[in-house]
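Encoded as structure tokens, the structure appears first; notes follow it.
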Amino acid sequence: MSSSPINPAEWIVEADIAGMQEAMNTGTITSEELVQLYLERIRQFDGKLKTIIEVNPEALDIARALDEERYEIGTRGPLHGIPILLKDNIATRDAMHTSAGTLALADSIAVKDSFVAEKLRAAGAVLLGKANMTEWANFMSSTMWSGYSSRAGLCLNPYGPGELFVGGSSSGSASAVAANLAAAAIGTETSGSIISPASQNNIVGIKPTIGLVSRAGIIPISHTQDTAGPMARTVADAAVLLGALTGVDPEDEVTHGSSGQFYTDYTPFLDAEFLPQARIGIPRFYYQDLDEDRLNIIEAAIKVLKEKGAEIIDPVELSCEQAEWNGHVLTYEFKKGVNDYLSRLPETVPVHSLEEVIRFNEEHADTCLRYGQDVLIHSEATSGTLTEKEYTDSLKRSVSQARQGLNGAFDEHKLDALLFLGSEGGDDLAARAGFPVITVPGGFAERGVIAPGGYTTKGPQGITFIGRAFSEPTLIKIAYGYEQATRHRVPPVLE
């Protein structure tokens with residue numbers, strides 16, 4: 001460590017990306033030293049939390065090379081030398097494996113970077129490791145506990161390990177960022193898998209509009225709903241990360257819809273003075289099942305937004321409030337998507353189809369089937385051709401009802417965003433519609449109740465904003481204004 005007045009072990013806790021860049025630019029610290037600091041924290045604290053499946057053995061070499069580049073040429077941008085974790089379903093062409101947390105793919109090394117990994121490398125990020133996740137992105141078993149994978153065990157919430165719900169399926173990404181084991185992370189979401197763990201772990205999560213970020217090279221569930229997105233301790237850091245991930249990708253045709261609508265830099269939208277221009281809707285229907293503590297948190301958020309000048313429209317009704325949702329789209333699309341992904345893996349990998357995954361798990365039941373695999377079996381029973389009428393009807397109904405409900409409210413009340421608590425209802429609507437979501441730390445529920453899934457609702461709670469397609473700039477403005485007005489983010493006490 002270069003001579004400086006800072007205590008590195010203390011400084012790294014809650015350090016943000018801008019501060020890291022300033023320290024590297026002034027010679028106070030190097031990227032190699034940053035990586036070493038995070039590796040030491042991982043060694044010290046992750047044995048209990050189990051947030052990381054594997055550390056990149058090349059991370060220090062990459063950091064050294066980026067330090068030399070900074071000295072000789074200059075920086076590539078705000079992510080130059082910054083250590084970032086990737087969820088374990090995001091392919092990387094290096095010594096790390098890409099397994100979606102399953103033992104069937106424990107030895108699978110990608111021959112090509114995912115689009116996301118390629119963009120991060122180009123931006124100068126250090127890929128620090130792969131984050132633990134709910135196995136198969138929580139599309140394996142109806143009884144699997146969020147954060148569990150056969151490869152790494154159960155990831156825990158650093159604010160109450162073993163007591164508080166960690167959320168899923170980007171559990172490791174969220175918990176690691178919350179515990180300051182990386183500068184930031186990339187998660188993926190099909191329905192709530194960024195927003196839920198971000199909310200539960202007191203960090204910021206952005207689920208982008210479908211098509212803003214390419215899914216190429218990510219182990220899929222649903223081509224209709226899947227996306228990757230940033231998970232960070234601040235809105236500013238999430239905005240930096242989002243700008244590095246966008247772009248049209250020939251290998252993911254849905255990204256062509258983002259042409260002319262994406263930015264490579266979202267930091268200009270960090271506008272703490274925007275709230276007086278914002279119109280925010282309050283969908284009371286989705287608050288009716290909240291316990292007292294969580295209802296108090298969202299009411300406090302509404303009060304802050306009003307005090308900062310936002311126009312609050314309360315209540316707002318959505319035409320889809322009484323809709324009966326099902327998971328047919330995911331069930332059908334998973335088999336097609338995962339078969340396509342697995343079929344391209346090298347022969348050295350033991351599974352190349354969903355059928356072979358199920359068989360592998362049965363043959364290794366002691367280690368692979370702690371929670372069973374009923375969801376995999378249900379998906380395997382479909383044709384894999386996406387031609388069934390049940391699928392096509394469900395797809396049409398799911399997308400149209402969600403979009404009509406959200407757009408109808410946006411249009412009727414001229415809204416910039418709708419306000420939800422954490423992942424309580426809104427994330428599923430936005431997932432079906434393909435719309436963007438951002439969640440920001442909103443405070444702590446001190447008591448909580450036992451939720452239907454068997455977990456307590458105590459602990460960190462996120463305040464979540466949903467907007468129209470490609471409205472990320474506006475959502476970032478609103479979320480940043482709320483964050484700066486409240487500053488609910490505090491680090492966990494680790495032991």
Side-chain angles (χ1 to χ4, degrees), residues 46 48-51 87 101 131-150 152-179 187-203 205 207 231 286-298 325 327 330 370-375 420-428 431 437 439-464 488 490 492-495:
D46 203 48
K48 182 176 184 178
L49 296 177
K50 298 183 180 178
T51 71
K87 189 175 178 180
N132 196 5
M133 58 181 285
T134 316
E135 190 165 343
W136 287 110
N138 204 21
F139 208 76
M140 177 177 177
S141 163
S142 60
T143 61
M144 183 172 284
W145 198 251
S146 288
Y148 176 82
S149 74
S150 297
L154 182 62
C155 173
L156 301 179
N157 187 322
Y159 291 91
E163 177 191 4
L164 301 183
F165 186 50
V166 72
S169 64
S170 302
S171 318
S173 297
S175 180
V177 170
T188 68
E189 174 159 329
T190 304
S191 180
S193 290
I194 289 173
I195 300 305
S196 164
S199 172
Q200 300 295 151
N201 289 272
N202 205 32
I203 66 168
K207 194 284 287 192
M231 306 180 78
Y286 297 93
Y287 303 175
Q288 60 185 335
D289 294 327
L290 297 177
D291 55 85
E292 183 180 357
D293 272 20
R294 293 189 296 163
L295 185 60
N296 288 341
I297 286 172
I298 202 161
W325 305 107
L330 276 56
R370 179 176 178 179
Y371 293 97
Q373 56 180 342
D374 60 310
V375 176
F420 292 83
L421 184 76
S423 58
E424 295 290 336
D427 58 339
D428 184 57
V437 189
T439 193
V440 185
F444 288 73
E446 299 297 336
R447 292 165 297 183
V449 297
I450 301 299
Y455 58 86
T456 177
T457 63
K458 287 172 57 178
Q461 307 291 322
I463 294 299
T464 299
H488 285 300
V490 292
V493 177
L494 304 181
E495 299 177 355

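Here the structure is a predicted model, which means the values were calculated and not measured.
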Could you tell me which residues satisfy side-chain hydrogen bond (donor to acceptor under 3.5 Å, both in side chains) with [X], sequence neighbours excluded, listed by chain and number?
X	result
Asn202	Tyr159
Asn157	none
Ser175	none
Ser199	none

I'd like to know if the side chain of [X] reaches the main chain of [Y], judged simply by a donor and an acceptor atom lying under 3.5 Å from each other, with no hydrogens or angles considered.
X	Y	result
Thr464	Thr439	no
Thr134	Gly147	yes
Gln461	Gly459	yes
Ser171	Cys155	no

From [X] [atom1] over to [Y] [atom2], what is the distance, rounded to the nearest 0.5 angstrom?
X	Y	atom1	atom2	answer
Ile194	Lys87	CD1	NZ	7.0 Å
Met144	Trp136	CE	CH2	11.0 Å
Asn132	Asp46	CG	CG	8.5 Å
Asp374	Thr143	CG	OG1	6.5 Å

Excluding sequence neighbours, so at least two apart, what forms side chain to side chain contact (heavy atoms under 4.5 Å, CB included) with [X]?
X	result
Leu156	Leu49, Leu154, Pro161
Ser191	Gln225, Asp428, Ala431
Ser423	Ile195, Ser196, Asp427
Ala174	Pro197, Asn201, Ile203, Met231

Handout entry: Heavy atoms of other groups near Glu495 CD, more than 12 under 6.0 Å
Key =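 Atom CD in Glu495 is not crowded, with 12 or fewer foreign heavy atoms closer than 6.0 Å.
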Ignoring hydrogens and angles, write down the donor-acceptor pairs under 3.5 Å from the side chains of residues 441-456, residues two or more places apart or on other chains.
residue : atom : partner : partner atom : Å
Arg447  : NE   : Asp293  : OD1          : 3.0
Arg447  : NH2  : Asp293  : OD1          : 2.4
Thr456  : OG1  : Lys458  : N            : 3.1

Problem - Residues in salt bridge (Lys or Arg N to Asp or Glu O under 4.0 Å) contact with Asp291, at least two apart in sequence or another chain - result: Arg294
Exercise for the section: Dump the intermediate steps for side chain to side chain contact (heavy atoms under 4.5 Å, CB included) on Tyr287 and Leu421, then the final yes or no. Expected result: CA-CA 8 Å; Tyr287 303 175; Leu421 184 76; 5.8 Å; no
Problem - Nearest non-hydrogen partners of Leu164 and Pro460, listed with the distance - result: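 Distance-wise, the nearest heavy atoms are CD1-CD, 4.1 Å.
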Completion exercise
side-chain hydrogen bond (donor to acceptor under 3.5 Å, both in side chains) with Glu135: of Ser150, Ser141, Ser169, only one passes, and it is Ser150
Problem - Pairwise side-chain contact, Ile463 with Ile297, heavy-atom cut-off 4.5 Å (strictly under) - result: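 Side-chain contact under 4.5 Å: yes.
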